[in-house]
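Taking it in order: structure first as structure tokens, then the write-up.
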Amino acid sequence: MRHRNVADLMTPTAVAVQRGTPFKEIARLLDEYGITAVPVVDEANRPIGVVSEADLMRRHTVKDGPSSAEAMMSSPVVVARPSWTAVEAARVMERHRVKRLPVVDAHGQLIGVLSRSDLLQLFLRRDRSIQEEIVEDVVTRILRLSPASLHIDVTEGRVTLSGVLPRKSLAPMFLRLCEDVDGVVEVVDRLTYEDAPRAGEHGTV
């Protein structure tokens with residue numbers, strides 16, 4: 001089971017500005033590319049800050065002081081690594097209350113930008129793709145169970161599990177593995193178990 005990581009989800013960098021890029025040029029770039037922020041990089045293409053629409057509006061309102069990228073940018077910049085999982089990136093965004101993360105390579109150079117909208121792509125996976133991954137990876141490869149005894153229904157990312165598991169003790173792992181599949185928003189357990197006591201049976205004392 002392979003989770004898509006930051007490298008899979010990020011937008012490869014096409015837009016970045018230098019320290020001295022002026023206000024109007026930054027505004028033009030945001031409008032032209034339909035983005036809400038742009039990384040500011042140094043001479044080695046390492047991110048040193050971010051200029052957002054909010055930064056431009058703040059500068060336009062104050063109308064005082066220099067209007068270069070370096071003067072307006074938010075800094076220090078919070079960055080992501082391409083190997084991070086989507087969950088790691090989302091946690092960093094939440095912790096620092098940012099909507100996007102510049103992505104840097106091992107040398108600290110800018111290689112992409114990850115936004116909240118990029119993370120949302122995980123939840124836009126086709127239901128059929130999610131179902132196939134659960135059947136092939138979770139049921140068959142990891143748990144080594146026969147798919148014939150189970151039914152996996154996926155609707156809008158909501159996974160409903162029914163059918164018969166050989167042991168009830170497998171259920172927590174099965175549910176957890178399904179919840180970890182990219183694109184799953186909820187797992188509903190309607191499973192039954194071969195080792196469950198039948199009506200009228202009692203355990204030994």
When rounded to the nearest 0.5 angstrom, what distance separates CD in Q131 from CG in D153? 7.0 Å
Can T36 and R100 be counted as having a side-chain donor-acceptor contact under 3.5 angstrom? yes
May I ask you to say whether R28 pairs ionically with E25, meaning some side-chain N is under 4.0 Å from a carboxylate O? yes
Quick one, I35 and T11 - any side-chain contact, counting heavy atoms below 4.5 Å? no
Find out whether L30 and L56 are in side-chain contact, i.e. whether some heavy atom of one side chain is under 4.5 Å from a heavy atom of the other. yes
Backbone of V103 reached by a side-chain donor or acceptor of R81 within 3.5 Å: no
Does atom CZ of R116 have more than 12 heavy-atom neighbours, drawn from other residues, nucleotides or ligands, at distances under 6.0 Å? yes
Main-chain N/O of V135 paired to T140 side chain as donor or acceptor, under 3.5 Å: yes
In this structure, OG1 of T160 is separated from NE2 of H151 (nearest 0.5 Å) by 8.0 Å
At their closest point, which heavy atom of V51 faces which heavy atom of A69, and how far apart are they? CG2-O, 3.7 Å
Any side-chain heavy-atom pair from D195 and K168 closer than 4.5 angstrom? yes
Are I142 and I130 linked, directly or through other ILVMFWY residues, by side chains that come within less than 4.5 angstrom of each other? yes
Shared ILVMFWY cluster between L143 and V184, side chains joined below 4.5 angstrom? yes
Is there a path of hydrophobic side-chain contacts, each under 4.5 Å between heavy atoms, that joins I134 and F123? no
D127 and E156: which non-hydrogen atoms are nearest, and at how many Å? OD2-N, 2.8 Å
More than 12 foreign heavy atoms under 6.0 Å from CD of E94: is that the case here? no
Kindly say whether D182 contributes a backbone atom to a donor-acceptor pair with the side chain of R4 at under 3.5 angstrom? no
Are V181 and F174 co-members of a hydrophobic cluster defined by side-chain heavy atoms under 4.5 Å apart? yes
Quick check for you: to the nearest 0.5 Å, what is the distance between S75 atom OG and E70 atom CD? 9.0 Å
Under a 4.5 Å cut-off applied to non-hydrogen side-chain atoms, are M72 and I26 in contact? yes
Kindly compute the distance separating CG (L165) from CG (L170), expressed to the nearest 0.5 Å. 6.0 Å
Indicate the atoms forming the closest heavy-atom contact of P82 with I111, along with that distance. CG-CD1, 4.0 Å
Donor-acceptor pair, D189 side chain versus L175 backbone, under 3.5 Å? no
For the atom pair NZ (K99) and OG (S52), what is the distance rounded to the nearest 0.5 Å? 8.5 Å
For D8 and N5, indicate whether the former's side chain and the latter's backbone hold a donor-acceptor pair under 3.5 Å. yes
Taking the side chain as every heavy atom from C-beta outward, state whether P102 and V50 have any atom pair closer than 4.5 Å. yes
To check you understand the geometry: which heavy-atom pair defines the closest contact between M73 and I48, and what is its length? CE-O, 3.6 Å
With a 4.5 Å cut-off on side-chain heavy atoms, are L101 and V6 touching? no
Of all heavy-atom pairs linking L122 and A86, the shortest is CD1-CB, 3.2 Å
Output the distance between atom CG (L114) and atom CH2 (W84), rounded to the nearest 0.5 Å. 9.5 Å
Side-chain heavy-atom pair R167, S169 within 4.5 angstrom cut-off: yes
Got L150 and L161 here, is their nearest side-chain heavy-atom distance under 4.5 Å? no
